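Comments concern the structure below.
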Amino acid sequence: MSDPVPVLTIDGPSGAGKGTVSRIAASRLGWHYLDSGALYRAVGVAASWADLDVSDPAALVRCTFDTRVGFRETEAGLRVIVDDLDATDELRLETTGALASAIAAIPEVRAALKERQRAFRQAPGLVADGRDMGTVIFPDAPYKVFLTASAEERAERRYKQLKDKGVSVTIDGLLREILARDARDAQRTVAPLKPADDAVIIDTTGLGIEAVVERVLALVPVRAG
Ligand code: DC
């Protein structure tokens, strides 16, 4: 019997550096990359296009089943296509993140996205970035990381990212949003944000991206390529 395709799961709260670290790790390993948050965000975008009421779970569940999400590698980076439209920029908005977090608390939505996420597990390996990659989606993954950082540092990183993009926000506002989102993600009854028992916890406060990538890759004994 052949060995299962290896998976490196990288979970943690928003702003801990998961996205950047996961993309670099996947590229160095030559493995596939799953941005699971983008799937929840894509449903959020589709729900807002359809003007759905966020307090109507049945409509949101239908929307999850009906929404087609594709990922396209381009020279300008990974583009996310929602129902044939490029939704990459809309996906990154704070309002979409908040909507995604509310939608992600609905058990039927999570169940509907489970197999779509598992389908990304393809040879030679997968780096999976999210909240429940190591606990629920790939519990048998051999390599599991949980990245954290203080809420203040996460707000500051997000502030810099948005400022670079010309989006006008305040650090205080971002900090409030991050704390509210953390609380919602940690308190929901299905797949709450928490490290897997066998995850290595890395606090990235004060660490540069390269230092974090090194620590993460040190867990994977054989590097492909
Ligand atoms: O990682 P992100 O900020 O793109 O995720 C957006 C929201 O989606 C986040 O607030 C919680 C939810 N999410 C989730 O519940 N489970 C995941 N595996 C990924 C994201």
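In listed order, ligands and their atoms are each counted from 1. Nothing here was measured: the structure is a model prediction, and the numbers come from that model.
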Taking only non-hydrogen atoms of M133 and a 4.0 Å limit, the atoms of ligand 1 in range are 18 (N)
Within 4.0 Å of some non-hydrogen atom of D185, the atoms of ligand 1 are 9 (C), 10 (O), 11 (C)
Logged contact type for L39 with ligand 1, heavy-atom cut-off 4.0 Å, is neither
At under 4.0 Å between heavy atoms, what of R188 touches ligand 1? The answer is side chain
Among R110, K18, R131, closest by heavy atom to atom 15 (O) of ligand 1 is R110
If you compare L193, D132, T135 by their heavy atoms, the one closest to atom 18 (N) of ligand 1 turns out to be D132
Looking at R41 and L91, would you say the former's side chain and the latter's main chain have a donor-acceptor pair under 3.5 Å?
yes
**Q.** Any donor-acceptor pair under 3.5 Å from T67 side chain to C63 backbone
**A.** yes
> Below 3.5 angstrom, do we get any N/O pair linking R41 and ligand 1?
Replying inline: yes
Any N/O of D35 closer than 3.5 Å to an N/O of ligand 1? no
among protein heavy atoms, the one nearest atom 20 (C) of ligand 1 is G37 CA, 3.5 Å
Side-chain heavy-atom pair L174, T170 within 4.5 angstrom cut-off
no
**Message:** Side chains of R28 and I24, heavy atoms from C-beta outward: is any pair under 4.5 Å?
**Reply:** yes
Between the CG atom in D129 and the CD1 atom in I10, the distance rounded to the nearest 0.5 Å is 7.0 Å
